[in-house]
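Right, one structure below, let's go through it.
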Amino acid sequence: MAFVKAIVFGAIVCIASWAGLAIGAGNVGLQQSVSRDPVFFATTYPLAIALSLAAAFTAAFVFARTQRTPRAFALIGALAVLLGDVLASFLVAPALVGELELEHGFIVLLAISLYGSQIIAAWLGAMSGAEGTAAAEPLRP
């Protein structure tokens, strides 16, 4: 059951994060994130990066809070997000975008995970929303 929960977590966080990238950068910006250096993308589309990281954190936080996951789930969830990014980079992106080949997978992985910061945001969100944190525990006199 935890495996299924982790896969669902990874899918939700990835889709939310990628939607933030797409809204903030648009199609041209996403193409530039793959074709140009990361500093150019970060300085040209800072809103896309902020939206993507905020979406990853929020989706992870809400999932962890609503599913009442333990704190240990945060690491498993972050690994599920990484797995989703890898699958999207090497399988989905080349199939959907004609110009991308399998050898572009590492570049796409770095771009859609924002050089790993998306995975960190997902981990922090899951840790913050997990049971056992001060915010999740009821106040006692």
Side-chain angles (χ1 to χ4, degrees), residues 1-140:
M1 189 64 165
F3 178 74
V4 173
K5 191 180 278 192
I7 296 299
V8 171
F9 174 87
I12 289 171
V13 171
C14 284
I15 290 170
S17 177
W18 301 336
L21 274 178
I23 291 169
N27 190 35
V28 173
L30 292 177
Q31 290 175 10
Q32 288 178 346
S33 72
V34 174
S35 64
R36 295 211 176 181
D37 63 279
V39 175
F40 174 82
F41 183 73
T43 57
T44 307
Y45 299 101
L47 178 63
I49 293 170
L51 281 174
S52 180
L53 294 178
F57 179 87
T58 304
F61 179 85
V62 169
F63 185 92
R65 183 58 57 99
T66 58
Q67 295 297 311
R68 298 178 175 224
T69 61
R71 295 187 91 182
F73 179 80
L75 180 60
I76 296 167
L79 292 174
V81 171
L82 177 60
L83 176 65
D85 286 341
V86 168
L87 290 175
S89 300
F90 288 96
L91 299 177
V92 178
L96 293 178
V97 180
E99 297 86 27
L100 292 177
E101 299 291 330
L102 191 59
E103 67 237 14
H104 297 112
F106 287 111
I107 297 168
V108 175
L109 176 62
L110 291 174
I112 64 174
S113 72
L114 300 171
Y115 288 82
S117 58
Q118 169 216 35
I119 298 161
I120 294 169
W123 179 79
L124 286 172
M127 284 294 281
S128 299
E131 283 189 346
T133 60
E137 294 176 351
L139 295 176
R140 294 189 180 112

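Residue indices begin at 1 and follow the sequence shown.
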**Prompt:** Considering all heavy atoms of both residues, which atom of A6 and which atom of A80 are nearest to each other, and what is their separation?
**Reply:** O-CB, 3.1 Å
**Message:** Between L87 and V92, is the side-chain contact (heavy atoms from CB on, under 4.5 Å) condition met? List the steps.
**Reply:** CA-CA 7 Å; L87 290 175; V92 178; 5.6 Å; no
**Closest contact, heavy atoms only, S89 versus G105** = CB-O, 3.4 Å
**Item:** Euclidean distance, I119 CD1 relative to L124 CG, rounded to 0.5 Å
**Value:** 12.0 Å
**Request:** Mind checking the OG-CD1 spacing from S17 to I12? Nearest 0.5 Å is all I need.
**Result:** 13.5 Å
**Greater than 12 external heavy atoms within 6.0 Å of W123's CH2** = no
**Prompt:** Once you round to the nearest 0.5 Å, how far does CZ of F61 lie from OG1 of T66?
**Reply:** 10.0 Å
**Message:** I'd like to know whether I107 forms a side-chain contact (heavy atoms from CB on, under 4.5 Å) with L100, so could you lay out the CA-CA distance, the side-chain angles of the two residues, the decisive distance to 0.1 Å, and finally the verdict.
**Reply:** CA-CA 10 Å; I107 297 168; L100 292 177; over 6 Å; no
**Item:** Closest contact, heavy atoms only, A48 versus A25
**Value:** CB-N, 3.6 Å
**Message:** Minimum heavy-atom separation for A88 and P94, please, with both atom names.
**Reply:** O-CD, 4.3 Å
**Request:** List the atom of L53, the atom of A121, and the distance in Å for their closest heavy-atom pair.
**Result:** O-CB, 3.8 Å
**Asked** Do the ring planes of F73 and F9 sit parallel (below 30°), tilted (30 to 60°) or perpendicular (above 60°)?
**Response** perpendicular
**Complete:** Interatomic distance, CD@Q118 vs CD1@I49, rounded to 0.5 Å, equals 12.5 Å
**Item:** Least distance between heavy atoms, S52 atom then L114 atom
**Value:** OG-CD1, 3.5 Å
**Message:** Could you measure the distance from the CZ atom of F90 to the CG atom of D85? Nearest 0.5 Å is fine.
**Reply:** 11.0 Å
**Straight-line distance of I76 CD1 to L79 CG, nearest 0.5 Å** = 8.0 Å
